[in-house]
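For the numbers below, each heavy atom of this structure counts, side chains included, while hydrogens, waters and symmetry mates do not.
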Amino acid sequence: MDFQLSEEQQLIIQTVRRFIRDEIRPLEADLDPDAYELPEAEYERLVAMTREMGLYQMEVPVEFGGPGVDIVTRTLVAEELSQHRAGLYDAAYGVFGDSPPAQLYACTPAQREKYLDPFLRGERHAFFGLSEPSGGSDPARAIQTRGVRDGDDWVINGGKLWTSHADTSDFGVLYVRTDPTKGRQGITAFIVDTDTPGFQVARLVQVLRAHYTTELTFTDMRVPHENILGEEGGGFALANDQLARNRIPYAAACTGIAVWSNELAVDWAKQRVTFGEPLANRQAIQWMLVDNEIDIRSGRWAALQAADLSQRGEPFRFESSMAKLLCTEGAGRVIDRCMQIFGGLGMSKDLPLERFYREVRIRRIGEGPSEVQRIVMARDILNVRSGS
Amino acid sequence: MPLRKPWTVWDDSVSSKSIPGAMGVYELADEHQQLLYIGKAGGRSPFGIRGELFRHFSTSERLAAENWTHPRMGEDLPAIAGRARYFRYEVNHQYYSRWIELLTRHNEDYGTLPPANLQDPEQPPRLGRYHWKSEGL
Ligand SMILES: Cc1cc2nc3c(=O)[nH]c(=O)nc-3n(C[C@H](O)[C@H](O)[C@H](O)COP(=O)(O)OP(=O)(O)OC[C@H]3O[C@@H](n4cnc5c(N)ncnc54)[C@H](O)[C@@H]3O)c2cc1C
């Protein structure tokens, strides 16, 4: 087992680290503390830089025109990219390029031309619509949005909840029950244009983070059969590995904000004097810093192990769930301790900690809640399969 | 969801103590209660909603007489200056996404932002679509 990073990996990490420190963090001094987009001119300037660096759209597989950065390196980079105020959900404000919903890589050549390629060129935006008011943890049973075949079209009725970015997207991947008799095999994924008659954003749903999600309704929305992504009834078979793989950099991003929070807390503990001594001299504070380091490192190693297994083509689903759990929950604990070390300042919008605190809480729910990750791991341990 | 609170007319009897210093969103309207501006009192706003409303409606002299000042006093946008007559607000810790929600709703209903928001140097992020208009429009 080799824990040494390659020269190329070290170079990429240093480049990204410098970019975040020199280009992104200074801009945030003038932005609203909850901002999640850069002014357009800054965005364009920085995209030109990341393209020049050869790091634009790192997550896109090489066969779709990406630079072919491997998953271990992407995991290391994800930890660097999130280390600024908006970094957890809007890493580097998207100047390294956005990723499409992973299922879209299962598109046909015609779908690729119409949807995926324009997305990758930054011309069109997309959402991912799986969760419904009836539940998101167990979508195979919960999905009630119904599609009925009518000639060359499907007529879709129902609704989705928590769909991020649907209001600003041009199209999305929508999970629909097309055969109510077949359980999991009765769910089909469709590509749906948001200007299709019958598609509505019922409301923007305000949540803990700076960005909102949406609630959607579909009323007699006609979608052509050719917009099925993958097989009819094969919605859940789509890009499963890709999804589990994406969970790894998602987890590492949480470690990133924990790392930066901890750096801020270490500096503060050395400076801040109470009762005649720096906080850093107090064992109560030292132990918090040690616990932070333990949470950070265990999350990091779990994510890297999952990435390494995936890269070598070995089973990695258990490890990716474990990484998701350790990184999201560990980062929450780290940020909480850092806020405690900063005292009142830790509660204020002068520091990024309060934003991290709100946003990292959502990470225990999104991309499969902690309990669902435990279910995945328990199945693996007990070697049982999902029922339906 | 739009702000549903009734408009309050601004006059000298509005006391700074009656307006919260918290973060949130607010709206300004002209004498016909036509919306002029959707604003936010964000994390960097020195006196929260109170500060924002007073900087739009009040004078440096009045603030000085009450022993306070606002760094953006007198910087009002042309569509607000001398025209704003009514206000309403909502205390909201999620002021940023709520601000965007109000702007998105207005943009969908009227095809444009309120007049003073068009002049505002702080432009919102890319706004989304609802694909439906509010009742009665
Ligand atoms: C900010 C935000 C953005 C989101 N963006 C999207 C998006 O873009 N697209 C999308 O499709 N979804 C999105 N979601 C939805 C998210 O994926 C779901 O909230 C999540 O899957 C949980 O589903 P639920 O909220 O319906 O909770 P439920 O499924 O009702 O579960 C409730 C709780 O019970 C726990 N639980 C469930 N089953 C068990 C069990 N067997 N044993 C023990 N505990 C259990 C869950 O872990 C959870 O804590 C988003 C959510 C949020 C908050």
A.B. asks: With a 4.5 angstrom heavy-atom cut-off, could you sort out which part of L208(A) is near chain B: side chain, backbone, both or neither?
C.D. replies: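 Answer is backbone: N, CA, C or O of L208(A) sit under 4.5 Å from chain B.
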A.B. asks: Identify which of L38(A), V207(A), T214(A) forms the greatest number of heavy-atom pairs closer than 4.5 Å to chain B.
C.D. replies: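 Looking at each option in turn, the highest pair count goes to V207(A).
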A.B. asks: With no hydrogens and no angle check, do the side chains of E28(A) and Y93(A) hold a donor and an acceptor under 3.5 Å apart?
C.D. replies: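 Judged by distance alone, the side chains do pair up.
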A.B. asks: So what's closer than 4.5 Å to chain B heavy atoms on A35(A): side chain, backbone, both or neither?
C.D. replies: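 It is both, since atoms from each part get that close.
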A.B. asks: Taking atom CD as the centre, does E123(A) end up with more than 12 heavy-atom neighbours from other residues, nucleotides or ligands that are less than 6.0 angstrom away?
C.D. replies: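 For E123(A), atom CD is crowded (more than 12 foreign heavy atoms under 6.0 Å).
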A.B. asks: Quiz question: by atom type and distance under 3.5 Å, do the side chains of E132(A) and T145(A) form a donor-acceptor pair?
C.D. replies: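 Side chains of E132(A) and T145(A): pair found under 3.5 Å.
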A.B. asks: Specify which of T194(A), D350(A), V201(A) makes the most heavy-atom pairs with chain B at under 4.5 Å.
C.D. replies: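 Looking at each option in turn, the highest pair count goes to V201(A).
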A.B. asks: Against chain B, label R209(A) side chain, backbone, both or neither, depending on which of its atoms sit under 4.5 Å from a heavy atom there.
C.D. replies: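 The backbone, not the side chain.
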A.B. asks: Given that the side chain runs from C-beta out, which part of M1(B) has a heavy atom under 4.5 Å from chain A: side chain, backbone, both or neither?
C.D. replies: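 The answer is neither part of M1(B).
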A.B. asks: Among Y26(B), F87(B), Y89(B), which one satisfies ring-ring contact (aromatic ring centres under 6.0 Å, His included) with H56(B)?
C.D. replies: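 So the option named by the test is Y26(B).
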A.B. asks: For S169(A), is it the side chain, the backbone, both or neither that has a heavy atom under 4.5 Å from a heavy atom of chain B?
C.D. replies: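 Neither the backbone nor the side chain of S169(A) comes within 4.5 Å of chain B.
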A.B. asks: Keeping the roles fixed (side chain from S97(B), backbone from Y212(A)), state whether a donor-acceptor pair exists under 3.5 Å.
C.D. replies: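 Here the side-chain-to-backbone pair does not exist.
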A.B. asks: Under 4.5 Å from any heavy atom of chain B, what part of E40(A) do you find: side chain, backbone, both or neither?
C.D. replies: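 Looking at E40(A), nothing touches chain B.
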A.B. asks: Looking at E101(B), R129(B), R126(B), which one has more heavy-atom pairs under 4.5 Å with chain A than the rest?
C.D. replies: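 When all of E101(B), R129(B), R126(B) are compared, R126(B) has the most.
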A.B. asks: With a 4.5 angstrom heavy-atom cut-off, which part of H125(A) approaches chain B: side chain, backbone, both or neither?
C.D. replies: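 The answer is the side chain of H125(A).
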A.B. asks: Just so I know, are the side chains of R25(A) and Q83(A) near enough to count as touching, which here means a heavy-atom distance under 4.5 Å?
C.D. replies: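 Yes. Closest side-chain heavy atoms under 4.5 Å.
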A.B. asks: In terms of heavy-atom pairs under 4.5 Å, which option from L204(A), D195(A), L216(A) contacts chain B the most?
C.D. replies: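 If we count pairs closer than 4.5 Å to chain B, L204(A) comes out on top.
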A.B. asks: When only pairs under 4.5 Å are counted, which of E108(B), Q123(B), H93(B), R44(B) shares the most heavy-atom pairs with chain A?
C.D. replies: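 Highest number of heavy-atom pairs under 4.5 Å: R44(B).
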A.B. asks: Take the angle between the ring planes of H70(B) and F47(B) and call it parallel below 30°, perpendicular above 60°, tilted in between.
C.D. replies: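 Tilted, since the angle between the ring planes falls between 30° and 60°.
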A.B. asks: Any side-chain donor paired with an acceptor under 3.5 Å for D109(B) and Y130(B)?
C.D. replies: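 No, no side-chain donor-acceptor pair sits under 3.5 Å.
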A.B. asks: Please work out whether the ring planes of F171(A) and F119(A) are parallel, tilted or perpendicular, with thresholds of 30° and 60°.
C.D. replies: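 Geometry flag for F119(A) against F171(A): perpendicular rings.
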A.B. asks: Which bit of Q200(A) comes within less than 4.5 Å of chain B, counting heavy atoms only: side chain, backbone, both or neither?
C.D. replies: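 Contact with chain B involves both backbone and side-chain atoms of Q200(A).
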